[in-house]
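The structure under discussion appears below in the form of structure tokens.
Numbering of ligands and ligand atoms starts at 1, following listing order. Every value quoted in this text rests on a predicted model; they were computed, and no experiment measured them. Values reported hereafter were calculated over all heavy atoms of this structure, with side chains retained and with hydrogens, waters and symmetry mates removed.
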Amino acid sequence: MSKKYAIGVDYGTQSGRAVLIDLSDGAEVAEHVTAYTHRVIDEKLPVSGIKLELDWALQHPLDYIEVLEKSVPAVMQESGIDPADVIGLGIDFTACTMLPIDEAGQPLCVQDAYKDNPHSWVKLWKHHAAQDEANLINELAAQRGEKWVPRYGGKISSEWMMAKAWQILNEAPEIYETADKFVEATDWVIGQLTGNIVRNSCTAGYKGMWHKQEGYPSKAFFKALDPRLENLTETKLRGEVVPLGSKAGELQADMAARIGLAAGTAIAVGNVDAHAAVPGVGVVTPGKLVMAMGTSICHMLLGTEEKEVEGMCGVVEDGIIPGYFGYEAGQSAVGDIFEWFVEESVPAYVLEEAEAAGENVHVYLTRKANELKAGESGLLALDWWNGNRSVLVDTDLTGTILGLTLLTKPWEVYRALLEATAFGTRKIVDAFHSNGVEVNELYACGGLPQKNALLMQIYADVTNREIKIAASKQTPALGAAMFGAVAAGAAKGGFDNIVDAARKMARVREETFKPIPENVAVYEKLYAEYNLLHDYYGRGANDVMKRLKAIKEEQV
Ligand SMILES: Nc1ncnc2c1ncn2[C@@H]1O[C@H](COP(=O)(O)OP(=O)(O)O)[C@@H](O)[C@H]1O
Ligand SMILES: O=C(CO)[C@@H](O)[C@@H](O)COP(=O)(O)O
């Protein structure tokens, strides 16, 4: 049999990237990135220019198809491989990134009748404008003692399907009515490839409150929430939920021609970026926390039992690797905070010095921050620039920096921001570990570990744990390609299950980040202070962040 390959397509927040993988060793043969033409739509709608409200974040679904049409042919051309030897394709996506579609599977936002209604567009994972809905869902679920709530850390997020769907109903009932279904973008893209939309168990479980044995929350719950929602799961969310690792179907001839692969290529069911990264980094057993580190961080962990952990995003049986309970937690801004600082807060002399040194501003600030000792800046920050996902689950919280003086330097602030995100991760590690879901080792993948060694050392010091780094620069795409190879099956040169694929193809780098005892000691003290601030602002002692937001909303 000739050498076989699979393609993984990773749909991030800003761009999509196709990676062609050699199935004999997991090597990346070719890679191509396509930036989304319409980027993140958070101020106004394309064409009409209709202004969006605060906390909105939309995307254009055709940007996802453009990624397939540009990046897949590009990797095929670069590698020169015969399309017949590409036996499978898998994708991973941000989530919950959802859209309303019609009966033919067409997004409503591409239709003239609906394109000027913001609710017809794709709501990106970081669309946070459904917080009011999420608050009411949480209140009612707590009052009724709904038994699915503990599986989501006690609270569901405004990022998820239920809150987003209800926001559509509240603000644009005509879009709610017209939509045949609400689907995750990952399932929609797979549907475009195969001609048949199926829902994957990962997004259905983590973002749609679906449970393998119990299905969705009851009709009675939805009715109590809003009588118009009573039939939500049987209508707008209907459709077969298919386990991860399944084949969704085969590549249709017209799509095959558009993306340069062979018709009939096996297509895996949709997956989520962070979840695909777990086998991508080679983790198929409990005790190893995988951090997918980029714009945000998703923390992924396997366990043998279903435990309750405060503020986790969710625990889903078979949600990451079949046979285990998959746990997810997260921080909704990490790289995004560093980017905010670089783009919005550095003085001109920093830009000039960085340019003179031939460094980008992150690299320059990191080099200067690295000259500081832990704790030397006297600063402490709360990492809530995009709300708090875990453990507080509150998108109305905001960021803060404490300890500023007239002598504070930009790189001190930058380091404080790096540290704040590490404290946020420590909070999550502690929440799992103290609730019986062991975290013994950390694994990191995504863009940030490749870009910033200081950041990784700070994470090792703050968590007092060794961190292993994925060898692949494109771990979610590698994981997605593994699922593509599993969809094809061993008989076709792929694999029969994801564990076999991970064992054969995933690698970590030899170099690891080990905690440095002097730093660990200083960070213990700073973390104690972080915890005080965290609880003061985050658990109701002082709701100033929410009051400020309310005043802002009144004024905008
Ligand atoms: N040297 C750096 N140090 C820290 N953060 C960086 C650096 N360079 C870029 N970033 C941040 O990395 C993030 C992008 O991460 P990446 O993993 O590539 O993207 P995504 O999350 O979209 O997949 C951006 O938010 C950017 O601010
Ligand atoms: O929420 C999830 C996964 O559950 C992510 O898709 C979301 O945080 C976006 O991740 P990125 O920062 O774009 O990698």
Arg39 atom CZ: more than 12 heavy-atom contacts under 6.0 Å:
no
Among all protein heavy atoms, pick out the one at the shortest distance from [atom]; state its residue, atom name and that distance to 0.1 Å.
{"atom": "atom 13 (O) of ligand 2", "result": "Thr13 OG1, 2.6 Å"}
{"atom": "atom 1 (O) of ligand 2", "result": "Ala95 O, 3.0 Å"}
{"atom": "atom 14 (O) of ligand 2", "result": "Asp273 OD2, 3.6 Å"}
{"atom": "atom 17 (O) of ligand 1", "result": "Gly447 N, 2.9 Å"}
{"atom": "atom 27 (O) of ligand 1", "result": "Gly335 O, 2.8 Å"}
{"atom": "atom 11 (P) of ligand 2", "result": "Ser296 OG, 3.6 Å"}
{"atom": "atom 19 (O) of ligand 1", "result": "Thr295 OG1, 3.9 Å"}
{"atom": "atom 1 (N) of ligand 1", "result": "His362 CB, 3.2 Å"}
{"atom": "atom 9 (C) of ligand 2", "result": "Trp125 CE2, 3.3 Å"}
{"atom": "atom 8 (N) of ligand 1", "result": "Lys451 CD, 3.3 Å"}
{"atom": "atom 11 (C) of ligand 1", "result": "Leu448 CD2, 3.7 Å"}

Which ligand 2 atoms does Val272 reach within 4.0 Å, using its non-hydrogen atoms?
3 (C), 4 (O)
Within 4.0 Å of some non-hydrogen atom of Glu328, the atoms of ligand 2 are 3 (C), 4 (O)
Return yes or no for this condition: an N or O of [X] is under 3.5 Å from an N or O of ligand 1.
{"X": "Phe338", "answer": "no"}
{"X": "Asn452", "answer": "yes"}
{"X": "Thr366", "answer": "no"}
{"X": "Val363", "answer": "no"}
{"X": "Arg17", "answer": "no"}
{"X": "Asp336", "answer": "yes"}

Taking distance alone, with no angle check, do His275 and ligand 2 share an N/O pair under 3.5 Å?
no
Ring centres under 6.0 Å, that's the criterion: do Tyr64 and Tyr11 meet it?
yes
Would you say the ring centers of His119 and Trp56 fall short of 6.0 Å from each other?
yes
Using the side-chain contact (heavy atoms from CB on, under 4.5 Å) rule, take Asn271 and Phe93 through it: C-alpha gap first, then chi angles, then the decisive distance, then the call.
CA-CA 6 Å; Asn271 203 343; Phe93 229 102; over 6 Å; no
Is it the side chain, the backbone, both or neither of [X] that has a heavy atom closer than 4.0 Å to ligand 2?
{"X": "Lys207", "result": "side chain"}
{"X": "Thr295", "result": "both"}
{"X": "Cys298", "result": "side chain"}
{"X": "Arg389", "result": "side chain"}

Can you figure out which of Tyr11, Tyr414, Tyr364 has its heavy atom closest to atom 4 (C) of ligand 1?
Tyr414
Mark up the atoms of ligand 1 that fall under 4.0 Å of a heavy atom belonging to Met293, in ascending order.
17 (O)
By number and element, which atoms of ligand 1 are closer than 4.0 Å to a non-hydrogen atom of Glu339?
24 (C), 25 (O), 26 (C), 27 (O)
Derivation of the ring pair (Phe, Tyr, Trp, His ring centres under 6.0 Å) call for Tyr206 and Trp160
CA-CA 8 Å; Tyr206 288 98; Trp160 300 348; 8.6 Å; no
Start with the C-alpha gap between Trp148 and His211, add the side-chain angles, then the distance that decides, and say whether ring pair (Phe, Tyr, Trp, His ring centres under 6.0 Å) holds.
CA-CA 8 Å; Trp148 47 271; His211 187 263; over 10 Å; no
Lys/Arg N to Asp/Glu carboxylate O, Arg367 vs Glu359, below 4.0 Å
yes
From [X] [atom1] over to [Y] [atom2], what is the distance, rounded to the nearest 0.5 angstrom?
{"X": "Asp42", "Y": "Leu54", "atom1": "CG", "atom2": "CG", "value": "11.0 Å"}
{"X": "Leu442", "Y": "Ile467", "atom1": "CG", "atom2": "CD1", "value": "5.0 Å"}
{"X": "Leu380", "Y": "His534", "atom1": "CG", "atom2": "NE2", "value": "12.0 Å"}

Do Glu184 and Trp188 come within less than 4.5 Å of each other through their side chains, counting heavy atoms only?
no
Under 4.5 Å between any side-chain heavy atoms of Val122 and His127, yes or no?
no
Name of the residue among Arg389, Lys207, Lys123 meeting salt bridge (Lys or Arg N to Asp or Glu O under 4.0 Å) with Glu159:
Arg389
May I ask whether Gly12 places a heavy atom under 4.0 Å from ligand 1?
no
Can you tell which of Asp55, Asn386, Thr395 makes a side-chain hydrogen bond (donor to acceptor under 3.5 Å, both in side chains) with His128?
Asn386
Any donor-acceptor N/O pair, Thr366 side chain to His362 backbone, under 3.5 Å:
yes
Heavy-atom pair with the smallest gap, counting every atom of Glu419 and Tyr523
OE2-OH, 2.6 Å
Considering all protein heavy atoms, does one lie under 4.0 Å from atom 15 (O) of ligand 1?
yes
From the list Ser157, Cys96, Ser296, side-chain contact (heavy atoms from CB on, under 4.5 Å) partner of Trp125 resolves to Ser296
